[in-house]
Amino acid sequence: MNDPQAIIRQLLAWYDKHHRDLPWRTSPAAAARSRRPDPYHVWLSEVMLQQTTVQAVKPYFAKFLALWPTVKDLAAAPTEDVMAAWAGLGYYARARNLKKSAEAVAEEHDGVFPDTEDGLRKLPGIGDYTAAAVAAIAFDRQAPVMDGNVERVVSRLYAIDAPLPASKPAMKVRVRELTPEKRPGDFAQAMMDLGATICTPRRPACAICPIREHCLAFAEHDPERFPVKAAKKDKPIRAGAAFVAVNPEGEILLRRRAESGLLGGMTEVPTTGWTARENGGETADHAPFPALWEPCGTVTHVFTHFELRLSVFRTKADRRGGLDEWWEPVANLGAQALPTVMKKVISQAIPLAFEKHPT
DNA sequence: AATACGGGGAT
DNA sequence: ATCCCAGTATT
């Protein structure tokens with residue numbers, strides 16, 4: 001029971017047999033023949049996978065590699081292009097940091113990624129998890145990889161009663177104990193695969209778990225009790241108005257958001273501030289310019305820490321844009337760095353805006 | 001230690 | 001509705 005060597009051996013054996021084939025992975029067999037995966041691919045995938053599901057990442061990963069096959073290509077790309085390509089994936093600071101890191105690797109390391117945890121950790125957007133993951137997976141370093149999946153697996157394996165996130169350091173100690181000298185990258189991916197496919201948050205498939213004989217939570221017959229988490233706060237509601245202006249040329253008025261903060265550097269239609277109170281009856285009085293503003297419903301969008309309700313208005317009127325505003329052909333909206341909430345708003349005002357042949 | 005930061009899939 | 005996801009940066 002709880003023999004580290006046995007856990008490692010059984011987990012790696014399971015991984016050899018059941019590992020998932022993902023675009024940024026090389027198979028364990030190929031890795032065994034010293035065919036390491038491309039560090040650029042590993043880094044790109046790991047950043048995209050931060051708080052994001054595999055299914056959501058797959059098409060973005062393919063798009064980025066098609067647009068920018070190497071880290072030097074990405075470093076040379078216009079930031080607006082990177083933001084537009086990232087649009088819809090969320091957590092847009094990741095895209096800004098991705099570009100900064102690519103520039104650092106291209107300029108300071110001649111396009112070669114640092115091959116240690118410490119070296120990787122210095123790049124913007126790379127924290128403890130990603131530094132360890134890239135070091136282990138791409139460079140075969142014995143680095144302790146701990147993400148949400150690993151936290152769940154470890155908390156069950158050792159029946160850790162202390163709540164997250166305070167118990168994180170203690171869990172990291174356990175991960176460090178387990179991480180093997182040989183095949184640390186496969187071990188890390190095995191732990192994450194186990195968490196994603198068997199040791200799931202609800203109804204874990206203990207019956208087919210390769211390490212259940214070592215699991216204290218399984219022995220207690222209540223694995224779902226773990227990981228214990230601190231209570232979370234409730235979500236406030238904010239409200240505002242959004243304005244979709246289309247001129248006679250079939251162009252829509254857009255503007256760029258501030259570089260930092262919520263949806264930083266992304267594109268939006270003009271909106272009022274998003275007040276802290278619920279539905280303040282936002283009206284056309286707050287429009288960016290005087291016109292016949294026609295109400296066309298509301299859009300609700302849930303962010304991590306608040307829920308947003310936007311009243312949408314539209315007009316066919318025209319006006320010159322300000323410094324941070326421009327008129328964009330509706331047919332070209334697909335190439336813009338529009339976050340999902342803005343696509344919802346525009347679709348509300350112009351139902352066919354994102355179709356192949358917009359009206 | 002707490003908070004800000006997207007979006008979507010599973011239940 | 002609720003949870004959670006191959007987390008990081010800032011305060």
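Side-chain atoms are counted along with the backbone in the values below, which use heavy atoms only and exclude waters and symmetry mates. So you know, we letter chains A, B, ... as the sequences are listed, proteins then strands, and number each from 1.
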ILVMFWY clustering at 4.5 Å (side-chain atoms), partners of A/Phe226:
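A/Val228, which link up through side-chain heavy atoms under 4.5 Å apart, make up the rest of the cluster.
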Share the residues that join A/Phe243 in a hydrophobic cluster, the rule being Ile, Leu, Val, Met, Phe, Trp or Tyr side chains under 4.5 Å apart at the heavy-atom level.
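A/Leu253, A/Phe289, A/Trp293, A/Phe313, A/Trp327, all in the cluster of A/Phe243.
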Answer with base, sugar-phosphate or nothing: what part of the nucleic acid does A/Arg152 contact at a heavy-atom distance below 4.0 Å?
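Touches sugar-phosphate only.
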How many whole angstroms separate atom [atom1] of [X] from atom [atom2] of [N]?
X	N	atom1	atom2	result
A/Phe306	B/dA4	CZ	P	10 Å
A/Leu89	C/dA6	CG	C1'	13 Å
A/Tyr91	B/dA4	OH	C1'	8 Å
A/Tyr92	B/dA4	OH	P	19 Å
A/His305	B/dG6	NE2	P	8 Å

Is it the case that A/Arg20 and A/Thr197 place a side-chain donor and acceptor less than 3.5 Å from each other?
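No, A/Thr197 and A/Arg20 have no side-chain donor paired with an acceptor closer than 3.5 Å.
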Which residues share a side chain to side chain contact (heavy atoms under 4.5 Å, CB included) with A/Tyr60, sequence neighbours left out
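In terms of side chain to side chain contact (heavy atoms under 4.5 Å, CB included), with neighbours along the sequence ignored, A/Tyr60 is linked to A/Met48, A/Lys63, A/Leu89.
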ring-ring contact (aromatic ring centres under 6.0 Å, His included) partners of residues 113-133 of chain A, not counting sequence neighbours, each pair once
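Those involving residues 113-133 of chain A are A/Trp43-A/Phe113.
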Could you name each residue pair satisfying ring-ring contact (aromatic ring centres under 6.0 Å, His included) that touches residues 134-162 of chain A, not counting sequence neighbours?
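Every candidate ring-ring contact (aromatic ring centres under 6.0 Å, His included) pair involving residues 134-162 of chain A fails, so no pair, neighbours aside, qualifies.
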Regarding A/Arg257 and A/Glu268, does a basic nitrogen lie under 4.0 Å from an acidic carboxylate oxygen?
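So A/Arg257 pairs with A/Glu268 through a salt bridge.
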Salt bridge or not between A/Lys100 and A/Glu103? Use side-chain N to carboxylate O under 4.0 Å.
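Not counted as a salt bridge, because no side-chain N and carboxylate O are separated by less than 4.0 Å.
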Crowding at CD, A/Glu181 (>12 non-hydrogen neighbours, <6.0 Å)
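Atom CD in A/Glu181 is not crowded, with 12 or fewer foreign heavy atoms closer than 6.0 Å.
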Within [range], find the residues that approach DNA chain B with a heavy atom at under 4.0 Å, and present them sorted by residue number.
range	value
residues 158-191 of chain A	none
residues 121-145 of chain A	none
residues 257-270 of chain A	A/Gly261, A/Leu262, A/Leu263

When rounded to the nearest Å, what value does the distance between P atoms of C/dA9 and B/dG8 take?
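That atom pair is separated by 24 Å.
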Rounding to an integer number of angstrom, what distance separates C/dA6 and B/dA4 when you compare their P atoms?
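It works out to 24 Å between them.
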Which residues within residues 221-232 of chain A lie with some heavy atom under 4.0 Å of an atom in DNA chain C?
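Output list: A/Lys232.
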Under 4.0 Å from any atom of DNA chain C, heavy atoms only: list the residues of residues 39-49 of chain A that qualify, in numerical order.
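Hits under 4.0 Å, by residue number: A/Glu46, A/Leu49.
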How are the rings of A/Phe64 and A/Trp68 set relative to one another: parallel (under 30°), tilted (30 to 60°) or perpendicular (over 60°)?
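Rings of A/Phe64 and A/Trp68: perpendicular, as their planes differ by over 60°.
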Over 60° means perpendicular and under 30° means parallel, so classify the ring planes of A/His19 and A/Tyr15, tilted if in between.
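A/Tyr15 vs A/His19 ring planes: tilted.
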Could you tell me whether the phosphate oxygens of [N], OP1 or OP2, come under 4.0 Å of any side-chain nitrogen or oxygen in [X]?
X	N	answer
A/Thr304	B/dG6	no
A/His301	B/dG7	yes
A/Gln51	C/dG7	yes

Could you pull out the protein-nucleic contacts involving nucleotides 9-11 of chain B (nitrogen or oxygen on both sides, under 3.5 Å)?
none

Contacts of type salt bridge (Lys or Arg N to Asp or Glu O under 4.0 Å), residue A/Asp110, not counting sequence neighbours:
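Here the qualifying residues are A/Lys72.
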Record whether the side chain of A/Thr52 comes under 3.5 Å of the base of B/dG6 through a donor-acceptor pair of N or O atoms.
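Such a pair exists between side chain and base.
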Under 6.0 Å between the ring centres of A/His301 and A/Phe303?
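Yes, ring centres under 6.0 Å apart.
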